[in-house]
Amino acid sequence: MLPPFHWDGETLTYSGCLLEEYYRVSMKSHPDGIALDTSTPAEIIPSIRWMLRLDDDLTAFYTICESEPALQHVPIQGWGRLLRSATIFEDVIKVITTTNTAWSGTIRMCTNLVNEFGEYGAFPTASQLANASVEDLKTRAGVGYRAAYIQSVAQQVASGELDLEALKYTTRDTNALYKFLRQLNGVGDYAAASLLMLLGRYAHVPIDSLAREMVSRHFYEGNPVTPAQIRQTFARFGEYAGLAYWCWKEPE
DNA sequence: TTCCAGGGGTAGA
DNA sequence: TCTACCCATGGA
């Protein structure tokens with residue numbers, strides 16, 4: 001839900017610019033699935049399938065949801081396919097812009113990155129960000145101290161030293177993947193857990209102010225909670241702990 | 001003015 | 001592993 005993409009609630013259309021050939025794509029809800037323009041190039045389809053997780057099998061999670069009142073809406077309403085960007089690089093940078101800031105700040109930072117450093121309305125490539133100076137990123141994108149983190153990741157990807165896209169369908173186990181993500185400059189526990197969710201690994205709960213507030217309110221009568229208490233709250237959902245947290249909705 | 005956002009890095013214990 | 005401190009920025 002961040003630039004360069006945009007959700008139009010009137011026409012129920014999700015649109016934005018994909019990096020591949022800078023193609024502008026619109027996705028619209030359809031009774032049989034997702035409707036795309038007939039002009040959509042075939043090479044764009046895998047990216048769209050990735051973004052919308054059309055190939056993810058959530059059967060096991062849905063079975064778990066049926067026995068939990070606060071998750072029963074999930075299989076009924078088709079929840080659980082968390083929207084993601086076409087590239088891991090874009091999501092890594094976006095997650096970094098969610099850290100220690102309000103959501104409005106994240107939107108502002110991503111808007112600036114697209115407008116100041118991208119081309120044709122697309123999210124900037126690793127090369128485009130790697131070629132920008134840290135000072136440029138601070139002043140033109142307003143990302144503050146995150147500029148050094150963004151620059152560092154962009155340079156590693158642009159130089160070929162780091163292949164983030166290889167993580168898309170990796171069979172590496174979740175803990176190894178977590179450790180790998182934590183090595184990235186600017187990616188801590190929260191960001192790594194968020195990125196794992198985007199990669200389809202849901203064992204970790206991204207613990208941020210939202211998670212603290214949610215767990216405090218629903219499970220600890222409004223009292224302050226520790227990260228350990230948050231993890232313990234969703235531990236029974238095992239490899240789906242993070243997804244259970246994200247989809248949690250107390251029955252009316 | 002102060003506080004705090006969808007936290008993370010570093011140093012020191 | 002835990003704590004204290006610093007890090008930019010804007011809205012409340």
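Every chain is numbered from 1, with letters handed out A, B, ... down the list of sequences.
- Atom name C1', nucleotides B:dT1 and C:dA12: the rounded distance is 12 Å, in whole Å.
- Checked against the 6.0 Å centroid criterion, the rings of A:Phe219 and A:Trp248 qualify as a close aromatic pair.
- Of all nucleotides in DNA chain B, those with any atom nearer than 4.0 Å to a heavy atom of chain A start and finish, going 5' to 3', at B:dA5 to B:dG9.
- With sequence neighbours left out, the side-chain contact (heavy atoms from CB on, under 4.5 Å) criterion links A:Glu90 to A:Pro4, A:Ser85, A:Thr87, A:Lys94, A:Phe123.
- A distance of 6.0 Å or more separates the ring centres of A:Trp79 and A:Tyr62.
- Put simply, the residue from A:Thr106, A:Ile107, A:Asn112 that forms a side chain to side chain contact (heavy atoms under 4.5 Å, CB included) with A:Thr97 is A:Thr106.
- Legend: ring pair (Phe, Tyr, Trp, His ring centres under 6.0 Å) pairs involving residues 188-208 of chain A, not counting sequence neighbours, sorted by first then second residue: A:Tyr178-A:His204.
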Output one letter per nucleotide in nucleotides 3-9 of chain C: B when a protein non-hydrogen atom lies under 4.0 Å from the base, S when only the sugar-phosphate is that close, - when neither is. ----BB-
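- Residue-to-nucleotide proximity on DNA chain B shows that, of A:Leu184 and A:Ser194, the 5′-proximal contact is made by A:Ser194.
- Listed by first and then second residue, the ring pair (Phe, Tyr, Trp, His ring centres under 6.0 Å) pairs that reach into residues 124-144 of chain A come to none, sequence neighbours excluded.
- Residues in residues 174-203 of chain A take part in no salt bridge (Lys or Arg N to Asp or Glu O under 4.0 Å) pair, two or more places apart or across chains.
- Here, C:dC6 and B:dG6 have their P atoms 24 Å apart, quoted to the whole Å.
- Looking at heavy-atom distances under 4.0 Å, A:Ala191 makes contact with sugar-phosphate atoms alone, never a base.
- Where A:Gly186 and A:Leu210 each meet DNA chain B at their nearest nucleotide, the meeting point lying more 5' is that of A:Leu210.
- The aromatic ring centroids of A:Tyr240 and A:Tyr245 lie 6.0 Å or more from each other.
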